[in-house]
Each structure stands twice: as C-alpha cells, then as structure tokens.
Amino acid sequence: VSQSRYAYKFGERDVRRASGAPRGFAKSTIKALIKPIHDVCYALEKFIVIISNTESQAVQKLKDIQSEFISNDLLIKCFGNFIKTKKIGSTDFVAINGDTQIRLLALGAGTEMRGIRFGDVRPTKIVLDDVEHSEEVESEQLREKMQNWYDDVVSKIGDENTNIEFIGTVLHQKSLL
C-alpha cells in the first residue's frame with residue numbers, strides 16, 4: 001500500500017475519505033492511532049471521534065492513543081505531556097497542547113450521537129474504523145440500517161468543516177465501505 005494514499009494537505013477541511021484494504025495493511029495503525037496522535041501534537045483538530053463496530057473496540061483504540069501520550073518518552077520529549085490529569089476516562093478524554101484542548105471520544109457503531117459537542121465545538125474529525133460486522137454485512141436489512149445510521153447520524157454530527165475518515169476491509173460488494 002502506497003503511503004501517499006494517506007497523505008494530508010495541511011489544514012485540509014471538509015474531507016470525506018474512505019480507505020479499504022485487506023487485513024494487515026496498517027489502516028487502523030495509520031488512521032486511528034498515528035494520525036490522531038499527529039493531530040493532537042500539532043493541534044490540528046479540536047474534537048476527534050473514533051467509531052468502531054463495538055464501543056469496546058473503539059475504547060481500545062483510544063487506550064492505545066492514551067498509552068502513547070503517557071508512556072512514549074520520545075513523544076513526550078518532543079511535544080510535551082498532553083495528559084494533565086491522573087484520572088483518564090476510558091471512552092472520553094481531553095488532551096492539552098499548550099492553550100488548545102482536544103477531546104477524543106470512543107463510540108460504537110449504531111450509537112445515537114446527535115448533538116455531541118466539546119464546549120461550542122462539534123466534532124472536527126470522525127474516524128470510522130472497521131464499523132461493519134463481518135456477519136451483519138451479509139444481511140440487506142442490516143446494511144441498509146448501517147447506511148441510514150451513517151447518513152442520518154454520523155455525517156451530520158459535525159459541521160461543514162468536519163473531516164470524516166472511513167477505513168476498513170471491504171466485507172461485501174454492497175457494504176457501507
């Protein structure tokens with residue numbers, strides 16, 4: 001996989017991007033771990049929502065990010081300590097970069113999330129990582145339900161500047177990805 005597919009223009013907004021590749025191609029590592037860390041390091045986003053098939057999967061992705069902020073000595077040496085509190089939520093936490101606060105939130109697919117905010121900020125970036133279930137995608141009714149959830153909820157929780165990244169393995173010809 002060419003890494004140029006994952007390139008960003010600095011300050012790029014209102015992006016709707018989908019990346020599908022087989023398992024083991026580092027999609028989640030790049031888009032749901034490295035890129036959110038980068039976004040915090042350079043204060044590029046104010047509110048990042050990570051959505052996976054289940055909340056526990058999304059929480060694990062958030063824990064991986066937290067772990068880097070807490071224990072990656074080189075990251076801390078270069079960018080400072082982003083975690084200013086000893087108590088960190090498992091589904092939701094705030095990273096602090098200078099005067100900028102960045103909220104990171106983990107949610108499961110199908111979750112009702114209308115109206116979520118961080119102060120007066122709606123989500124500035126939404127990462128959908130493996131939101132589809134390999135068995136559920138076989139059902140036309142469940143595929144339609146997933147499409148409606150994306151159209152009616154996910155695509156509308158941000159604003160006109162929100163970036164949406166959809167990553168995963170294509171599980172069906174008519175799947176959401």
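Taken to the nearest 0.5 Å, the NZ atom of K125 stands 14.5 Å off from the CG atom of N161. Between the CG atom in D152 and the CD atom in E112 there is a gap of 9.5 Å [rounded to 0.5 Å]. Atoms CD1 and CD1, on I116 and I157 in that order, are 4.0 Å from each other to the nearest 0.5 Å. Distance check: L62 CG to Q66 CD gives 5.0 Å after rounding to the nearest 0.5 Å. Between atom CD1 of residue I88 and atom CD1 of residue I83 there is a gap of 4.5 Å, rounded to the nearest 0.5 Å. Rounded to the nearest 0.5 angstrom, F166 CZ and K31 NZ are separated by 12.0 Å.
L44 and I34 are not part of a single hydrophobic cluster, where members link through side-chain heavy atoms under 4.5 Å apart. F93 and L33 fall within a single hydrophobic cluster, where Ile, Leu, Val, Met, Phe, Trp and Tyr side chains are chained together by heavy-atom contacts under 4.5 Å. Hydrophobic clustering (side-chain heavy atoms under 4.5 Å, transitive across Ile, Leu, Val, Met, Phe, Trp, Tyr) keeps Y42 apart from I76. Hydrophobic cluster membership is shared by I164 and W149, with clusters built from Ile, Leu, Val, Met, Phe, Trp and Tyr side chains linked at under 4.5 angstrom. Linking ILVMFWY residues whenever their side-chain heavy atoms come closer than 4.5 Å, directly or via other members, places I126 and V121 in the same cluster.
Under the 3.5 Å distance criterion, the side-chain polar atoms of N97 are left unmatched by any main-chain donor or acceptor of T100. Side-chain atoms of S155 come within 3.5 Å of backbone atoms of Y150 as a donor-acceptor pair (strictly under, hydrogens ignored). Between the side chain of T111 and the main chain of L107, no donor-acceptor pair closer than 3.5 Å is present. Panel note: side chain T124, backbone T162; no donor-acceptor pair is recorded below 3.5 Å.
Between S67 and I70, the closest side-chain pair of non-hydrogen atoms is not below 4.5 Å. Considering only heavy atoms from C-beta on, I65 comes within 4.5 Å of I50 through its side chain. Using a 4.5 Å heavy-atom cutoff, the side chains of L105 and M113 are not in contact. In this structure, D130 and N53 have side chains that are not in contact, with every pair of non-hydrogen atoms separated by 4.5 Å or more.
Each of R103, R122, R13 was evaluated against E45; a single residue qualifies, R13, per the salt bridge (charged side-chain N to carboxylate O under 4.0 Å, His left out) test.
Heavy-atom minimum distance, I51 versus V49: CG1-CG1, 3.8 Å. Annotation for A109 and V131: closest pair CB-O, 3.7 Å, computed over non-hydrogen atoms. Considering every non-hydrogen atom in both C41 and L75, the closest pair reads SG-CD1, 3.5 Å. In plain terms, the two heavy atoms of F69 and I37 that are nearest each other are CE2-CG2, 3.9 Å. Here the closest heavy-atom approach between residue A95 and residue L104 is recorded as CB-CD1, 4.2 Å. Heavy atoms only, all atoms of each residue included: I96 and G98 are closest at CG2-O, 3.5 Å.
In this structure, Q147 places its CD atom where more than 12 heavy-atom neighbours from other residues, nucleotides or ligands lie under 6.0 Å away. The number of heavy-atom neighbours closer than 6.0 Å to NZ of K84, taken from other residues, nucleotides and ligands shown, is above 12. The environment of Q141 atom CD is sparse: at most 12 non-hydrogen atoms of other residues, nucleotides or ligands sit within 6.0 angstrom.
Taking a cutoff of 4.0 Å between a charged side-chain nitrogen and a carboxylate oxygen, K61 and D129 qualify as a salt bridge. Between D39 and K35 there is a salt bridge, since at least one side-chain N of the basic residue sits less than 4.0 Å from a carboxylate O of the acidic one.
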Derivation of the side-chain contact (heavy atoms from CB on, under 4.5 Å) call for Q57 and T54: CA-CA 5 Å; Q57 290 169 334; T54 65; 3.1 Å; yes

